[in-house]
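Both ligands and their constituent atoms are indexed starting at 1 by order of listing. The structure displayed is predicted, hence computed values, not measured ones. Count residues from 1 along the sequence.
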Amino acid sequence: MKKKTIQDIDVKGKKVIVRVDFNVPVKEGKITDDTRIRAALPTISYLKDKGAAIILMSHLGRPKGKVHEEMRLGVVAEKLEELVGQKVLYAKDCIGPEPQEMAEKMEPGDILLLENLRFHGEEEKNDREFAKKLASLADIYVNDAFGTAHRAHASTAGVAEFLPAVAGLLMQNEIGIMGKALENPERPFVAILGGAKVSDKIGVIQNLINKVDVLITGGGMANTFLAAQGKNMGKSLVERDKLDLARSLMEQAREKGVDFLLPGDLVVADAFAADAQHRVVSVDQIPADWMSMDIGPASAENFGKVIKSAGTVLWNGPMGVFEMIPFARGTEEIARAVTESQAVSIVGGGDSVAAIHKTGLADKITHISTGGGATLEFLEGKELPGVAALENK
Ligand code: ADP
Ligand code: MG
């Protein structure tokens, strides 16, 4: 279903309330990574250029319905001011007389940031009255917070009942690019799935088996599939209770004609540590006391060839324990193959995005998803409440 966006409506002279994801990491009163604030800038500058007054709302951290001084959005207001190069008004609450008065006085182009939504317990309860109070500040509602779109909260879902509701540019980008990959991909469509566990990604694997031409698995997840094929995995992380499921998923892939690729060699170590002894072995020769930490060089090369000839590549989950330098190689090689291919490339998932930034190749990826849980739910084929609440085209 195509959703209306800010480009489909007239915002001139209107007050527009925008749900953004400003849930940035803050250490000792300083923002340590402003990526999420930057991600909202296209929508903010679009609305400003079109003559709207912009009211921004977000959560930060988990204050659980109480005011926590260290979770106030004042630091975000300062950072935003620096990034947009203009005064940003900041209300010390998100509802009530203060934001009401400030909103009433706003002129086109003004920017107002409301206080942390989650200082009110009603936000996460999707309370109707609370949503109505937020809506009363503006004429139009925009959701640009893809990262929280999998939650039905007052600011992501409830508020849409009271105002015309459309997607911002970041939201449009996320659901547009990933939606096309799922519905009408350039082929061959290659998915690369890794990370720690099969159990975290069952829904994603299940959905992708119906869409892709090739499914590559690596990381800890591959261990469970290899064990299901009868390989002796030594001390590797294996989900013993998921062996039947793993077999059934491989069977489904076979029935659908999906190429299901597993690593043929692995980097194994004698301990789960960066300074452990390690070596490359075939998946048939894992020493009993050793564990898989990364895909091996032959696997990286084989996977790389498939990736380079893809039309669409969707990647979730690192190929190894990339946080430890000796075991980051497989993930780096795959990142290189993805960026060397002509494919539309999409990377999603918290650790996967961190890994791609570590390789320094992030700017060569077509789309890096800003969601963690939201991205996974989208890839599972679920309709996200924050997207469902928006008007259809
Ligand atoms: P994402 O956040 O991108 O969805 P996950 O959270 O599923 O990814 O997986 C990332 C984690 O998987 C990393 O912390 C990484 O160390 C771990 N991992 C990858 N390969 C292995 C392995 N062979 N054994 C244990 N852990 C692994
Ligand atoms: Mg993770």
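- In the model, Thr156 has no side-chain atom that pairs as donor or acceptor with a side-chain atom of Arg19 under 3.5 Å.
- Put simply, the side chain of Glu78 does not reach to within 4.5 Å of the side chain of Tyr90, judged on heavy atoms.
- Applying the 4.0 Å criterion to heavy atoms of Lys201 picks out, from ligand 1, the atoms 4 (O), 5 (P), 7 (O), 8 (O).
- With hydrogens and angles ignored, the 3.5 Å screen pairs a side-chain donor or acceptor of Ser299 with a backbone N or O of Asp265.
- Those atoms of ligand 1 that come under 4.0 Å of a heavy atom in Pro318, given as number and element, are 8 (O), 9 (O), 10 (C).
- Atoms of ligand 1 found under 4.0 Å from any heavy atom of Gly349, numbered from 1 in the order shown, are 2 (O), 3 (O), 4 (O).
- Scanning all protein heavy atoms for the shortest distance to atom 16 (O) of ligand 1 gives Glu323 OE1, 2.7 Å.
- Using a 4.0 Å cut-off between charged side-chain N and carboxylate O, Lys364 and Glu340 make no salt bridge.
- A donor atom on one side chain and an acceptor atom on the other are not found under 3.5 Å apart for Asn116 and His68.
- Residue contacts with ligand 1, taken as heavy atom pairs separated by less than 4.0 Å, do not involve Val353 at all.
- Atom numbering of ligand 1 starts at 1 in the shown order; those under 4.0 Å from a heavy atom of Ser292 are 22 (C), 23 (N), 24 (N).
- Looking at Lys79 and Glu82, a side-chain N of the basic residue comes within less than 4.0 Å of a carboxylate O on the acidic one, giving a salt bridge.
- Residue Met221 places every heavy atom at 4.0 Å or more from ligand 1.
- Judged by distance alone, the side chains of Lys4 and Asn392 never bring a donor and an acceptor atom under 3.5 Å apart.
- Nearest protein neighbour of atom 18 (N) of ligand 1, counting heavy atoms only, is Gly320 O, 3.9 Å.
- For the Mg ion (ligand 2), the nearest N, O or S atom contributed by Asp351 is named OD2.
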